[in-house]
Amino acid sequence: MTQQSTENPISVELDVPAEGIAVLRVAGEVDMLTSPTLRQRIAEAFGGGFRRVILDLDAVDFIGTSGLAALVEARSEAGRQQIDLWLACSAHRILRPLEIAGLLELFQITDAAGRVLGDPA
């Protein structure tokens, strides 16, 4: 399912590359207007019986404080549900806000979703 328009400039696509693993490919802007969409899609993935959820953030153009809050909430919920949560991201525009907010150490971060799946990408 993809949601993107001028009113909601975010796209969140679910990919299931292997049994028990979900990759949510997020694109666009994650801010106070679009973070509810991200939260909803993460909750749907968490409710899908996956043991690992990878949030692929490489196509995110901007992440605001509500986007960062959505990631922190996702990490918390993943812990409660014993889901392995990864962020796949190599973009400075996303890593920098995580670093400034002191959140880097909260997450398992890789530079490509394929690395978490076992691909050398």
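Keep in mind it's a predicted model, so treat the numbers as computed, not measured.
The CD1 atom of Ile63 sits 11.5 Å away from atom CD of Glu29, with the distance rounded to the nearest 0.5 Å. A distance of 5.0 Å separates CD1 of Ile21 from CZ of Arg51, quoted to the nearest 0.5 Å.
The list of salt bridge (Lys or Arg N to Asp or Glu O under 4.0 Å) pairs with a residue in residues 55-71, not counting sequence neighbours, reads Arg25-Asp56. Listed by first then second residue, pairs satisfying side-chain hydrogen bond (donor to acceptor under 3.5 Å, both in side chains) with a partner in residues 64-74 read Arg39-Glu73, not counting sequence neighbours.
Cluster membership for Val16 and Ile83, using ILVMFWY side-chain heavy atoms within less than 4.5 angstrom, is shared. Placement of Leu104 and Val60 within a single hydrophobic cluster is found when ILVMFWY residues are connected by side-chain heavy-atom separations under 4.5 Å, directly or transitively.
With a 4.5 Å cut-off on side-chain heavy atoms, Leu68 and Val72 do not count as touching. In this structure, Leu98 and Leu71 have side chains that are in contact, with non-hydrogen atoms separated by less than 4.5 Å. Residues Leu57 and Val30 have side chains not in contact (no heavy-atom distance under 4.5 Å, counting atoms from C-beta outward).
Applying the salt bridge (charged side-chain N to carboxylate O under 4.0 Å, His left out) rule to Arg96 yields the partners Glu99; only residues at least two apart in sequence or on another chain are considered. A search for side chain to side chain contact (heavy atoms under 4.5 Å, CB included) contacts involving Ala43 returns nothing, not counting sequence neighbours. Evaluation of the salt bridge (charged side-chain N to carboxylate O under 4.0 Å, His left out) rule for Asp31 yields no partner, not counting sequence neighbours. Residues forming a salt bridge (charged side-chain N to carboxylate O under 4.0 Å, His left out) with Arg75 (at least two apart in sequence, or on another chain): none.
With Ile109 as the partner, the side-chain contact (heavy atoms from CB on, under 4.5 Å) test is satisfied by one option alone out of Leu55, Ile94, Leu87: Leu87.
Judged by distance alone, with hydrogens and angles left aside, the side-chain atoms of Ser11 form no donor-acceptor pair with the main-chain N or O of Ala27 at under 3.5 Å.
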